[in-house]
Amino acid sequence: MKLLSLHDTLSRKRQEVLPSDGKVFRFYCCGPTVYGPAHIGNFRTFLVQDLLRRVVELSGIETCHVRNITDVDDKTIRESQSAGISLADFTAGWTARFHDDARALNILKPHVEPGAVQHIPEQITLIETLLASGHAYCSGDGSVYFKVSSYAPYGRLSRLDTRELRAGAGESANDADEYDKDNVSDFVLWKTRKPVDGENYWESPWGEGRPGWHLECSAMGMKYLGESFDLHAGGVDLCFPHHENEIAQSEAATGKTFARHWFHNEHLMVDGSKMSKSLGNLYTLADIMERGFGPGELRYALLAGSCRTKINFSMERLQEAQGNLQRLAAFIAKLGGSLPAYDELCRLAAAGSLDTGPFLPVWEALLEDLNTPAALGQLFTVLKPLEKALAAGSLKEEEMDAARTGLAVIVQAFGWIIPEVADEAGNAADVPVEIAQMAEQRWAAKQEKNWQESDRLRDELAVAGWTIKDTADGYEVEPSRQ
RNA sequence: GGCGAGGUAGCAAAGUGGUAAUGCGCUGGUCUGCAAAACCGGUAUUCGCGGGUUCGAUUCCCGCCCUCGCCUCCA
């Protein structure tokens with residue numbers, strides 16, 4: 001079976017995604033900082049990573065997926081204090097919210113989801129190693145910094161050399177707590193305790209304080225995946241300095257390649273620019289649902305664009321998603337039977353007996369750098385003749401089986417949430433009494449060929465948000481599409 | 001200033017050295033009292049601009065213009 005090949009940020013080439021140990025594909029994803037609800041841009045990243053994992057697993061490869069929760073940093077401390085609750089309670093609340101949203105979006109749970117606070121000893125050990133080998137130094141105030149000049153390959157990932165870093169950093173880089181660095185590009189490994197930190201500090205050989213923000217990913221990644229693992233993922237913005245610093249501190253400590261493959265997805269844009277609180281163009285899943293869309297439509301829309309290009313978010317995209325998902329739902333319903341479940345497909349793939357049948361071109365598009373737009377193009381190309389054949393009743397039983405399995409692979413790779421197909425019985429129950437009565441009156445008027453009255457009632461129903469569809473022997477009432 | 005991504009029909013978005021997938025929209029038709037839904041068909045002689053290489057470039061090379069991101073916390 002063909003395998004996924006994916007663009008690697010470090011080499012700038014496409015590489016096959018393979019487990020280095022031949023068994024389990026081990027990968028790390030930078031997770032959320034839990035100081036508020038994640039926005040849909042954050043979820044684009046987690047959705048793309050979910051797609052990656054699903055494609056790997058549906059290729060028959062077992063994975064170990066680690067995604068951290070950042071539960072201590074300036075923002076979580078500041079926000080917990082203004083909320084007047086402990087850091088632990090504060091981050092637990094937002095972590096729960098993140099889990100709820102992720103579940104709604106059908107994102108697979110990572111195998112390990114470590115938090116920074118639970119891994120302070122591991123981070124301290126890593127700092128000790130770096131100090132012992134001369135890659136780090138203590139400053140006068142009890143902080144510890146990584147000495148960038150001690151690690152020659154620094155800047156390879158983002159292609160910034162240290163001179164450029166210095167020039168570009170500008171004049172505003174003098175953070176009050178970082179006055180004691182030897183060099184502006186050095187970054188903090190351990191932050192000494194400050195009054196604003198309140199009770200949020202830990203003991204260390206260098207005094208009270210807390211770990212620097214890059215450290216947790218190195219320490220936890222290596223703890224759960226080994227000193228060297230298969231792939232590390234995150235949004236493009238993390239490329240520098242976060243991932244650059246992770247590489248430096250990890251590889252300086254171990255002398256081994258930290259991650260073999262770096263995968264960065266592009267950002268989600270809104271109104272032509274990056275989402276941010278200051279621009280007021282930031283949406284959460286809850287905001288989307290308030291506008292009448294579901295997580296399924298959001299998932300479809302966010303995965304419809306290539307993960308390597310920026311996509312501009314809009315409600316039109318959700319509408320398009322809605323229509324396409326309904327088309328798929330209708331096809332699946334007409335196909336009958338049930339589609340094989342995710343785990344079943346993975347088992348078949350692992351045994352080398354998963355056949356995507358007529359959907360092979362769709363699957364192969366996904367294997368080419370997770371090219372979802374091409375995959376969707378192929379999907380509809382494949383679907384059209386099948387829809388026709390199905391409507392004509394000319395599809396043989398074995399062809400229907402092949403279609404069920406093949407389509408299931410695609411649906412599961414995308415992790416699509418297929419909506420219920422509205423049937424008359426299920427629908428009738430949801431129609432309010434007065435709407436049903438109006439519809440009934442309109443039907444009566446229509447039977448009497450009183451077009452004026454029946455059209456008037458139909459318009460009135462439309463204003464109320466309901467659409468009438470006349471059928472061969474009656475009518476249906478449905479909520480209008482937006 | 002440095003680094004990076006991108007400019008393809010009304011919108012979104014693939015793609016290839018040999019002549020432009022797909023979705024939405026729009027539009028014509030079938031159906032309908034008229035609609036809606038569904039179905040059938042149409043919808044870029046052209047791929048930011050100007051050169052060059054080539055039998056042939058949207059696809060390769062050079063220059064230019066424009067948009068966006070990163071260089072500071074950030075998915």
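First the proteins, then the strands, lettered A, B, ... as listed; each starts at 1.
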A.B. asks: For B:A20, what is the paired nucleotide under Watson-Crick or G-U wobble rules, both distances under 3.5 Å?
C.D. replies: none
A.B. asks: Give A:Ser158 one of three labels, base, sugar-phosphate or nothing, depending on what nucleic acid heavy atoms sit under 4.0 Å from its own.
C.D. replies: sugar-phosphate
A.B. asks: How far, in whole Å, is B:A5 from B:G10 if one measures between their C1' atoms?
C.D. replies: 25 Å
A.B. asks: Roughly, in whole Å, what's the span from NZ in A:Lys274 to P in B:U72?
C.D. replies: 13 Å
A.B. asks: Determine the sole option in A:Asp71, A:Asp73, A:Asp74 for which the salt bridge (Lys or Arg N to Asp or Glu O under 4.0 Å) test with A:Arg210 is passed.
C.D. replies: A:Asp74
A.B. asks: Could you work out which one of B:A37, B:A75, B:C73 sits closest to the side chain of A:Lys75?
C.D. replies: B:C73
A.B. asks: Decide if the gap between the ring center of A:Phe27 and the ring center of A:Phe229 is smaller than 6.0 angstrom.
C.D. replies: no
A.B. asks: Treating A:Arg67 as the side-chain partner and A:Cys29 as the backbone partner, does any N or O pair qualify as donor plus acceptor under 3.5 Å?
C.D. replies: no
A.B. asks: Suppose we define a pair by two distances each less than 3.5 Å, Watson-Crick or G-U wobble; what does B:A14 pair with here?
C.D. replies: none
A.B. asks: Distance check needed: B:C3 P versus A:Arg12 CZ, whole Å only.
C.D. replies: 10 Å
A.B. asks: In whole angstrom, give me the gap between the C1' atoms of B:G25 and B:G69.
C.D. replies: 30 Å
A.B. asks: What nucleic acid atoms does A:Gly272 come within less than 4.0 Å of, heavy atoms only: base, sugar-phosphate, or nothing?
C.D. replies: sugar-phosphate
A.B. asks: NA contact type, A:His242, heavy-atom cut-off 4.0 Å: base, sugar-phosphate, or nothing?
C.D. replies: nothing
A.B. asks: Taking atom C1' in both B:A9 and B:U43, what distance in whole Å separates the two?
C.D. replies: 9 Å
A.B. asks: Identify whether any heavy atom of A:Gly234 sits under 4.0 Å from a base atom; if not, whether one sits that close to sugar-phosphate; answer base, sugar-phosphate or nothing.
C.D. replies: sugar-phosphate
A.B. asks: Can you tell me whether the side chain of A:Asp237 and the base of B:G69 have a donor-acceptor pair closer than 3.5 Å?
C.D. replies: no
A.B. asks: Are A:Met220 and A:Tyr28 packed together at the side-chain level, in the sense that at least one heavy-atom pair is separated by less than 4.5 angstrom?
C.D. replies: yes
A.B. asks: At 4.0 Å (heavy atoms only), tell me whether A:Arg458 reaches a base, stays on the sugar-phosphate, or touches nothing.
C.D. replies: base
A.B. asks: Identify whether any heavy atom of A:Lys446 sits under 4.0 Å from a base atom; if not, whether one sits that close to sugar-phosphate; answer base, sugar-phosphate or nothing.
C.D. replies: base
A.B. asks: Contact between A:Ile468 and A:Asp470 at the side-chain level, heavy atoms closer than 4.5 Å - yes or no?
C.D. replies: yes
A.B. asks: Counting Watson-Crick and G-U wobble pairs only, both distances under 3.5 Å, name the nucleotide matched with B:A35, or none.
C.D. replies: none
A.B. asks: Once you apply the 3.5 Å cut-off to both distances, tell me the Watson-Crick or G-U wobble partner of B:A57, or none.
C.D. replies: none
A.B. asks: Looking at every strand, decide which applies to A:Asp470 at a 4.0 Å heavy-atom threshold: base, sugar-phosphate, or nothing.
C.D. replies: base
A.B. asks: If I take atom CD in residue A:Gln378 and atom C1' in nucleotide B:A13, what distance separates them, rounded to the nearest angstrom?
C.D. replies: 14 Å
A.B. asks: Among the candidates B:C71, B:A14, B:G33, find the nucleotide nearest to the side-chain atoms of A:Phe240.
C.D. replies: B:C71
A.B. asks: Starting from P on B:C24, measure out to CG on A:Leu325 and report it in whole angstrom.
C.D. replies: 12 Å
A.B. asks: Need one value for A:Gly235: base, sugar-phosphate or nothing, where a base atom within 4.0 Å counts as base even if backbone is also close, heavy atoms only.
C.D. replies: sugar-phosphate
A.B. asks: Counting heavy atoms from C-beta on, name the nucleotide in B:C24, B:A36, B:A13 closest to the side chain of A:Glu320.
C.D. replies: B:C24
A.B. asks: Would you call A:Arg159 and A:Phe240 a side-chain contact if the rule is heavy atoms closer than 4.5 Å?
C.D. replies: no
A.B. asks: Quick one: A:Glu387 CD to B:G23 P, roughly how many Å, whole number?
C.D. replies: 10 Å
A.B. asks: Ignoring hydrogens and geometry, is there a side-chain-to-backbone donor-acceptor pair from A:Asp197 to A:Lys194 under 3.5 Å?
C.D. replies: yes
A.B. asks: In the structure shown, which nucleotide is the Watson-Crick or G-U wobble counterpart of B:U43, with both distances under 3.5 Å?
C.D. replies: B:G25
A.B. asks: Between A:Cys30 and A:His243, is any pair of side-chain heavy atoms under 4.5 Å apart?
C.D. replies: yes
A.B. asks: Among B:G33, B:A75, B:A14, which nucleotide sits nearest the side chain of A:Thr33?
C.D. replies: B:A75
A.B. asks: If I take atom CZ in residue A:Arg442 and atom P in nucleotide B:C34, what distance separates them, rounded to the nearest angstrom?
C.D. replies: 13 Å
A.B. asks: Heavy atoms only, 4.0 Å cut-off, all strands: where does A:Leu379 land among base, sugar-phosphate and nothing?
C.D. replies: nothing
A.B. asks: Hey, is A:Phe43 stacking on B:A75? Ring centres under 5.5 Å, planes under 30°.
C.D. replies: no
A.B. asks: Who does B:G63 pair with, Watson-Crick or G-U, both distances under 3.5 Å?
C.D. replies: B:C49
A.B. asks: Can you tell me if A:Arg317 touches the phosphate of B:G23, counting only side-chain N or O atoms and a distance under 4.0 Å to OP1 or OP2?
C.D. replies: no
A.B. asks: Both distances under 3.5 Å, Watson-Crick or G-U wobble: report the partner of B:C70, or none.
C.D. replies: B:G2
A.B. asks: Looking only at atom P, what distance separates B:U45 and B:U30, rounded to whole Å?
C.D. replies: 29 Å
A.B. asks: Identify which nucleotide among B:C24, B:A75, B:C34 has an atom closest to any side-chain atom of A:Asn324, counting heavy atoms from C-beta outward.
C.D. replies: B:C24
A.B. asks: Among B:A13, B:A75, B:C40, which nucleotide sits nearest the side chain of A:His39?
C.D. replies: B:A75
A.B. asks: Distance between the P atoms of B:U72 and B:A13, in whole angstroms?
C.D. replies: 29 Å
A.B. asks: Aromatic ring centroids of A:Phe258 and A:His232 under 6.0 Å?
C.D. replies: yes
A.B. asks: Between B:U16 and B:G51, how far is it from one C1' atom to the other, in whole Å?
C.D. replies: 23 Å
A.B. asks: Could you tell me whether the phosphate oxygens of B:U22, OP1 or OP2, come under 4.0 Å of any side-chain nitrogen or oxygen in A:Thr372?
C.D. replies: no
A.B. asks: Could you check whether A:Trp94 and A:Tyr35 have their ring centres less than 6.0 Å apart?
C.D. replies: no
A.B. asks: Picking from B:A5, B:C34, B:A14, which would you name as closest to the side chain of A:Lys310?
C.D. replies: B:A5
A.B. asks: B:C47 and B:U8: how far apart are their P atoms, nearest whole angstrom?
C.D. replies: 11 Å
A.B. asks: Which whole-number value in Å describes the distance from A:Tyr300 OH to B:A13 P?
C.D. replies: 14 Å
A.B. asks: Whole Å only: how far is the CE atom of A:Met269 from the C1' atom of B:G6?
C.D. replies: 11 Å
A.B. asks: When you match A:Lys388 and A:Gly305 each to their closest nucleotide on RNA chain B, which lands nearer the 5' end?
C.D. replies: A:Gly305
A.B. asks: Once you apply a heavy-atom cut-off of 4.0 Å, does A:Arg327 come out as touching a base, just sugar-phosphate, or nothing?
C.D. replies: sugar-phosphate
A.B. asks: Looking only at atom P, what distance separates B:C60 and B:G15, rounded to whole Å?
C.D. replies: 12 Å
A.B. asks: When all nucleic acid strands are considered with a 4.0 Å heavy-atom cut-off, which category describes A:Leu238: base, sugar-phosphate, or nothing?
C.D. replies: sugar-phosphate
A.B. asks: Select base, sugar-phosphate, or nothing to describe what A:Asn312 touches, counting heavy atoms under 4.0 Å on all strands.
C.D. replies: nothing
